[in-house]
Amino acid sequence: MTRLVGSFAEGGDDYERLRPSYPDAAVDLLAPGRGADVVDVGAGTGKLTRLLMARGHRVRAVEPSGAMRETLRRALPGVEVLPGTGEATGLPQGSADLVTYAQSWHWTDPERAGVEAARLLRPGGVLATVWNMFDDTVPWMVDVERAMHSSERAWQPGPDGGVAARGEPGGTFGPRRRDLVRWTDTVALDDLRLVVRTRSYYLEGTVAERRDIDHEVEQALARHFRDAPGGQSVEVPYVTTVDRYARG
Ligand SMILES: C[S@@+](CC[C@H](N)C(=O)[O-])C[C@H]1O[C@@H](n2cnc3c(N)ncnc32)[C@H](O)[C@@H]1O
């Protein structure tokens, strides 16, 4: 746990600048309507938190990393930011209509985090998880992503969002409802080169592993964008997976 939080604390500023936000269509699926009591768990630098607030929801942000909480407070001065984890939020029972996890469910023990989400939710409330992944139905993206994962022999493209194996929540929830949203994000080529440095496997790698990954990524980008002028932007394809579980 400490190790994981540490890896994000190190990458906080880069993470905010380099990682994509979430498309409107995904937020529509996650949090339809307005005025719900939402707990955004593993809120990080607040990428989803601010979209939920902009839609008029009352949002409490739970985040274990002190560095991330500081960034979040600076970015969103009005937001209630609380220390805690998905397994133990410290929030009152029956106080939420929606519990969201954006790119953070996989850091939890899903059994315990599910029981905690069910405790927080009012009857009929929803636990929602969301992931942005590179869209592995696009060949150049697969090539670049394979380079990013070059230190992991077992890596395979995941054309359906690649999140099928994430743990199902404990607690009293109905069956999962899944939707995929495909979209593109306009990213400076120089930033795409750096995105890998916000990934936990890179942050936790040895100096030699990091150097090898940087080299592979450079080679892959050169294969596809060799003639790109300096400072050019590219349309990076993403697939956002939105999973929802209604509390029984
Ligand atoms: C990949 S970041 C996602 C941040 C943000 N939700 C977003 O969409 O950009 C994952 C976050 O999960 C947090 N985290 C790590 N372990 C956690 C746990 N057990 N419970 C809740 N959050 C956790 C990390 O500190 C980090 O801020």
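Each residue takes its place number in the sequence, starting with 1. Computed from a predicted structure; not experimentally measured. Atoms within a ligand are numbered from 1 in the order they appear, just like the ligands themselves.
- Side chains of Thr184 and Glu235: a donor-acceptor N/O pair is present below 3.5 angstrom, by distance only.
- Looking only at atom types and distance, the side chain of Tyr201 has no donor-acceptor partner in the side chain of Glu209 under 3.5 Å away.
- Residues satisfying the salt bridge (charged side-chain N to carboxylate O under 4.0 Å, His left out) test with Arg244, not counting sequence neighbours, are Asp179.
- Evaluation of the side-chain hydrogen bond (donor to acceptor under 3.5 Å, both in side chains) rule for Thr172 yields no partner, not counting sequence neighbours.
- Using modelled atom types and a 3.5 Å distance limit, the side chains of Arg50 and Ser21 yield no donor-acceptor pair.
- No heavy atom of Tyr101 sits closer than 4.0 Å to any atom of ligand 1.
- Atoms of ligand 1 lying under 4.0 Å from any heavy atom of Gln103, numbered from 1 in the order shown and given with element: 1 (C), 2 (S), 3 (C), 10 (C).
- Ligand-side atoms of ligand 1 in range of Thr108: 20 (N), range being under 4.0 angstrom from any heavy atom.
- Applying the 4.0 Å criterion to heavy atoms of Gly44 picks out, from ligand 1, the atoms 4 (C), 27 (O).
- For atom 14 (N) of ligand 1, the candidate residues are Ser104, Ala113, Pro64; the nearest heavy-atom contact is made by Pro64.
- Taking every heavy atom of Trp107 and a limit of under 4.0 angstrom, the matching atoms of ligand 1 come to 10 (C), 12 (O), 15 (C), 16 (N), 17 (C), 19 (N).
- Using a 4.0 angstrom heavy-atom cutoff, Glu63 counts as in contact with ligand 1.
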